[in-house]
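These figures come from a predicted structure and were not determined experimentally. All chains are named by letter (A, B, ...) in the order of the sequence lines, taking the proteins before the strands, and each is independently numbered beginning at 1.
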Amino acid sequence: MVGGADPAVSHPLQAAAIRLAAAWALLSVAGLVAGAPLFRVALPWLEPICAALLPGFAASLRVVERTPDTIIVLSLQALDAFRLGAHVVVQPLERLEASTTLLHNLVPPVLLFTTLAALPARGWRERLLLFALGFPALVVVLALTTPIHLAGLVETSFQDAAGRLDLARPTPWALRWMLFLEGGGRWLLPLLAALGCRGIAQRLRPAARTTGGTPLGKG
Amino acid sequence: MSDRILAPRHPGFAFVVLFTLLYLVQYGAYQWVPDLVLADVVYRHGIVAGAVSVIEWIAPGERVVVDGHRLASPRAVLEIVRGCDGSGVLFLLVAAILALRAGPRHTVLGLCGALLLVYALNQLRVIGLYFVAAYRGDWFTPLHGYLVPTLFVVVSALYFAWWAARIRR
């Protein structure tokens, strides 16, 4: 296997384990301490995604710091009557809300950067490149998780309303995706994103590309 | 599938594709299992009963009982539902182990180890979360929704890396 980037630790597995544990601990604490202000940076690009997922509603996102759990709130205002069959279930200008805990939505970012820290890299430049690539990857990962999770919660309420009205309503894809995320997809996506970052980093630095094996290192 | 077909110069890409497909296959198959079967059979007997036994052993005063797919006591009720069974992490581990395409012996040992590890960690998680719910409810969300899931994935990744390194020797 390729030696790790840390000269003080000779065994690559030990080095990766140390990086993994240290990154997880640091990022977890960062999320607990500064998760709200960090996540607010993402709101401007997540809000339009929420709006696109729920046509017919004006959407806004905000982070609400409260005890015991800080939450991300999606506020919707119906632009027109929302119908299920012949029934108007949401009146024009009526407001709806869906929320999810902030910490729940910090899991993908923590896993993304923890994995980036653990993946082998040839030297500090490639390590820096990996982390730099992590930020656009984070944009994609968050776009595929938080807005759809919130839209899925809204769709759940619509499905419940349809059930009470005895109406057959196909399961919206946002709801299916939300269930996929809750079933493990929100772990899979950051792992794939991190592996993708490594692939890109290796392409950008061809001299450092491994000649075989897996994303773990040289075979 | 082989590296030649998928990506002769990029075996890492083949691993990622296979890993993703294997995960999705497992996830899809899991969706076909009826909720009642999971709740009444797998969770009740496979998770809850064992967790209750351990809690009774370490803290008999809890008076925790099996209530279907719930752990119930005067202090707290913990419901085991889809996603609380360690399946997500197990699918990741199984997919990674199979995608590495080691020899049959190493693969079988890796899968057995993965199953034991995920089961043990999940039981530990359920038991720990019961006590958190019973005595420190304000810690429940940070632990259940944030720290424990990420730690679960990290420990599983370490297991995979350890197993993969043993193949290479």
Side-chain angles (χ1 to χ4, degrees), chain A residues 1 11-14 16-17 20-21 23-25 27-29 31-32 35 67-71 100-111 114-115 118 176 179-192 195-196 198-199 202-203 209-219, chain B residues 3 7 9-20 23-24 26-28 30-31 81-92 95-96 99-102 137-158 160-162 164-169:
Chain A
M1 283 180 74
H11 197 292
L13 183 58
Q14 287 176 342
L20 188 68
W24 175 80
L27 290 165
S28 297
V29 169
L32 287 169
T67 306
D69 305 317
T70 296
I71 56 174
T100 173
T101 59
L102 171 68
L103 290 179
H104 186 86
N105 290 272
L106 290 178
V107 167
V110 167
L111 285 179
T114 299
T115 308
R176 289 187 190 276
L179 294 173
F180 170 72
L181 291 177
E182 294 308 296
R186 65 194 180 109
W187 303 335
L188 176 69
L189 288 179
L191 294 180
L192 292 180
L195 293 174
R198 185 166 186 265
Q202 289 180 330
R203 280 187 171 274
R209 188 184 306 160
T210 57
T211 54
T214 70
L216 293 175
K218 205 171 190 176
Chain B
D3 287 344
R9 296 188 190 86
H10 300 285
F13 177 73
F15 171 85
V16 171
V17 171
L18 199 51
F19 168 68
T20 306
Y23 178 91
L24 293 175
Q26 292 176 88
Y27 175 78
Y30 179 64
Q31 300 313 300
V81 297
R82 278 185 196 264
C84 303
D85 49 11
S87 55
V89 173
L90 183 62
F91 296 162
L92 288 173
L100 205 57
R101 289 178 290 172
D138 54 333
W139 288 7
F140 189 84
T141 298
L143 285 170
H144 174 254
Y146 179 63
L147 291 170
V148 171
T150 52
L151 183 60
F152 210 155
V153 175
V154 163
V155 171
S156 300
L158 285 171
F160 173 71
W162 171 81
R166 289 176 71 85
I167 297 171
R168 295 168 189 280
R169 288 184 189 163

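A:T67 has its side chain out of reach of B:D138: every pair of non-hydrogen atoms, C-beta onward, lies at least 4.5 Å apart. Counting heavy atoms from C-beta on, the side chains of B:F13 and A:L195 never come closer than 4.5 Å. Counting heavy atoms from C-beta outward, B:F19 and A:L188 have side chains that approach closer than 4.5 Å. For the pair A:D69 and B:F140, the minimum side-chain heavy-atom distance is 4.5 Å or more.
For B:V154, the parts lying under 4.5 angstrom from a heavy atom of chain A are both the backbone and the side chain. Contacts of A:V110 with chain B are made by side-chain atoms alone, with heavy-atom separations under 4.5 Å and no backbone atom involved. Proximity to chain B involves both the backbone and the side chain of A:S28, based on heavy atoms less than 4.5 angstrom apart. Of the two parts of B:V155, neither the backbone nor the side chain holds a non-hydrogen atom closer than 4.5 Å to a non-hydrogen atom of chain A. Residue contact with chain A, scored on non-hydrogen atoms closer than 4.5 Å, involves the side chain of B:L24 exclusively. For B:Y27, the part lying under 4.5 angstrom from a heavy atom of chain A is the side chain only. With a threshold of 4.5 angstrom between heavy atoms, A:L192 approaches chain B through side-chain atoms but not through N, CA, C or O.
Smallest separation of non-hydrogen atoms from A:W24 and B:L147: CZ2-O, 3.6 Å. Summarising the geometry of A:W187 relative to B:P149, their closest heavy-atom pair is CZ2-CB, 3.8 Å, with the distance given to 0.1 Å. Taking both residues in full, the closest heavy atoms of A:L13 and B:A165 are given as CD2-CB, 3.9 Å, listed atom of the first, atom of the second, then distance.
B:L158 CG to A:L20 CG: the interatomic distance, rounded to the nearest 0.5 Å, is 4.5 Å. Atoms CG and CG, from A:L103 and B:L143 in turn, are 10.0 Å apart once rounded to the nearest 0.5 Å.
Most heavy-atom pairs under 4.5 Å with chain B: of the set A:L106, A:T114, A:L32, this distinction falls to A:L32.
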